[in-house]
> 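Got a structure here, written out as structure tokens. Questions coming.
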Number of protein chains: 2
Amino acid sequence: MRRTSAETKSIILAAARERFAADGYERATIRSIAADAKIDPAMVMRYYGSKEKLFAAAAEFDLRFDALAGVAPEQLGAAFVRHFLRQWEAGESLQVLLRTGITNDGAAERMREIFAGQLAPRIAALTGDPASAPVRAAMVSAQMLGIGLARYILLFPPVVAMSEDDLVSWLGPTIQRYLTADRP
Amino acid sequence: MRRTSAETKSIILAAARERFAADGYERATIRSIAADAKIDPAMVMRYYGSKEKLFAAAAEFDLRFDALAGVAPEQLGAAFVRHFLRQWEAGESLQVLLRTGITNDGAAERMREIFAGQLAPRIAALTGDPASAPVRAAMVSAQMLGIGLARYILLFPPVVAMSEDDLVSWLGPTIQRYLTADRP
DNA sequence: CGTCGAAGTCAACAGATGTTGGCCAACGAT
DNA sequence: ATCGTTGGCCAACATCTGTTGACTTCGACG
């Protein structure tokens with residue numbers, strides 16, 4: 001018994017996150033994950049039961065919008081952009097979700113939950129307009145997912161080259177408008 | 001000899017486009033494409049050589065921005081949005097690219113070519129500012145890809161529910177700003 | 001020391017996948 | 001009618017996939 005079971009379990013999870021983020025659901029094989037973790041593929045099954053369940057564990061995610069409480073209303077756009085960019089770079093979780101959500105229905109469902117369930121209520125609270133919050137949340141999500149796609153997945157050179165401040169300058173007013181402008 | 005070779009070739013290509021658009025690169029198997037086309041899998045190989053080459057043929061695409069020539073400068077934003085939405089709905093090509101571009105490096109490369117190679121020159125011509133065109137094109141791409149992702153792939157309910165006019169109202173000013181506003 | 005349980009390994013399975021080569025069957029020209 | 005060409009199909013291949021079960025190692029506790 002070299003390691004405790006909890007240790008190996010988290011080693012596997014870390015390797016899984018990396019592989020899912022880099023390769024997507026289908027190409028991230030259990031064997032490759034196990035190889036990264038320097039562990040027998042059978043252990044992955046022992047601890048997580050199946051590839052689906054391992055993925056579910058790897059895709060746990062919290063956007064942590066509570067960090068945005070107390071921001072002045074006219075600076076919400078810029079604050080949102082900065083927060084999202086940091087979330088993209090903090091861990092592989094968002095990239096896992098985006099890479100897999102496109103071929104895996106379960107991941108797409110989770111994505112809908114996260115953006116509708118975590119973002120919309122926050123927007124409702126911050127703007128005081130619950131009725132339009134779902135649409136605003138969807139527009140903000142679409143813009144920020146598009147940027148994440150261009151910058152971290154498709155690697156569009158101009159977007160990769162931009163600094164965080166550049167991106168905030170471009171995107172801040174857009175998000176601000178989606179959050180607070182009158183409904184068209 | 002029931003059909004001519006060109007006929008079956010295009011039948012295969014149509015089935016391939018649908019499968020790639022619906023399932024992504026890995027899950028769209030040659031066998032399933034052949035089954036859709038009611039044809040033996042071996043025929044796919046005979047006509048296209050390999051799965052990679054079949055995919056390359058299925059991912060041919062032209063954004064046809066020439067249709068935007070002659071639009072008044074202050075209406076470019078709305079015109080772009082409408083044009084993109086029609087392109088998303090016209091055929092499966094954009095969905096093929098997005099679904100596969102996320103796991104397949106070749107598709108990602110093609111996506112970069114299309115958006116940098118077709119969109120940026122058009123923007124340079126329409127705005128008369130070649131220097132900032134690549135960045136503007138990238139921002140427009142990010143926003144429109146984000147909307148396509150939300151509406152056609154991830155199926156965010158509020159985005160799915162919106163009409164084309166609703167989307168133009170929300171997105172038009174954003175695109176207009178990305179196209180013509182001073183560089184931040 | 002001996003035993004028991006948990007951590008780790010090995011080999012194999014059944015199924016699916018891309019790909020190949022050989023074999024039919026139908027058509028047009030001779 | 002015959003023959004060659006060409007579209008179509010079948011069976012098989014090697015490989016890879018998720019998953020399973022039996023076996024081995026090793027530490028803790030009696």
> Measure CZ/B:R27 against C1'/D:dT17 and give the value in whole Å, please.
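Taking CZ of B:R27 and C1' of D:dT17, I get 15 Å after rounding.
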> Could you tell me the separation between the CE atom of B:M45 and the C1' atom of D:dA12, rounded to a whole number of Å?
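Taking atom C1' of D:dA12 as the reference, CE of B:M45 is at 15 Å.
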> Measure the distance from CZ on A:R19 to P on D:dT17 and round it to the nearest whole Å.
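One finds 11 Å between P of D:dT17 and CZ of A:R19, rounded.
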> Salt-bridged, A:R99 to A:E92, with N to O below 4.0 Å?
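A salt bridge is absent here (no side-chain N lies under 4.0 Å from a carboxylate O).
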> Answer yes or no: is there a donor N or O on one side and an acceptor on the other, between the side chain of B:R136 and the main chain of B:I123, under 3.5 Å?
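No, B:R136 side chain to B:I123 backbone: no donor-acceptor pair under 3.5 Å.
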> Whether A:K53 engages the ring of A:Y47 as a cation-pi pair (distance to the six-membered ring centre under 6.0 angstrom, angle to the ring normal within 45°) should be assessed.
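Checked: cation-pi criterion not met.
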> I need the CD-P distance between B:E52 and C:dT19, as an integer number of Å.
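Taking CD of B:E52 and P of C:dT19, I get 9 Å after rounding.
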> Provide, to the nearest angstrom, the distance between the NZ atom belonging to B:K51 and the P atom belonging to C:dT20.
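Atom-to-atom, B:K51 to C:dT20, this comes out as 15 Å.
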> Is the distance from the ring center of A:Y48 to that of A:F55 below 6.0 Å?
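Distance test on ring centres: not under 6.0 Å, no.
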> How close or far is atom P of C:dG18 from atom CD of A:E26, stated in whole angstroms?
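For the pair A:E26 CD and C:dG18 P, the rounded distance is 12 Å.
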> State which of C:dT19, D:dT19, D:dG8 makes the closest approach to the side chain of A:I30.
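Nucleotide nearest to A:I30's side chain: D:dT19.
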> What orientation do B:W170 and A:Y178 show, parallel under 30°, tilted 30 to 60°, or perpendicular over 60°?
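B:W170 and A:Y178: perpendicular rings.
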> Out of C:dA7, D:dG18, D:dG7, which has the shortest distance to the side chain of A:S5?
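The answer is C:dA7.
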> Rounded to the Å, how far apart are B:R31 CZ and D:dA11 C1'?
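Checked: the CZ to C1' distance equals 11 Å.
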> One thing to verify: whether A:R112 and A:E109 come together as a salt bridge, which I'm taking to mean a side-chain N less than 4.0 angstrom from a carboxylate O.
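Salt bridge present between A:E109 and A:R112.
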> Contacts to DNA chain D from residues 33-44 of chain A, heavy-atom cutoff under 4.0 Å, which residues?
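Close to the strand are A:A42.
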> Going through the checks in order, is the side-chain contact (heavy atoms from CB on, under 4.5 Å) test met by B:M144 and B:L94?
CA-CA 11 Å; B:M144 294 312 300; B:L94 261 180; over 6 Å; no
> What contact category does B:Y47 fall into here, base, sugar-phosphate, or nothing, at under 4.0 angstrom with non-hydrogen atoms?
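Answer is sugar-phosphate: B:Y47 comes under 4.0 Å of backbone atoms only.
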> Less than 4.0 angstrom between a side-chain N/O of B:R3 and OP1 or OP2 of D:dG8, yes or no?
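Affirmative; the distance criterion is met.
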> Verify the contact: side-chain N or O of A:T8 to OP1 or OP2 of C:dG8, cut-off strictly under 4.0 Å; return yes or no.
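Yes, within the criterion.
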> Do any side-chain nitrogens or oxygens of A:R46 fall under 4.0 Å of OP1 or OP2 in C:dA7?
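No, no such contact exists.
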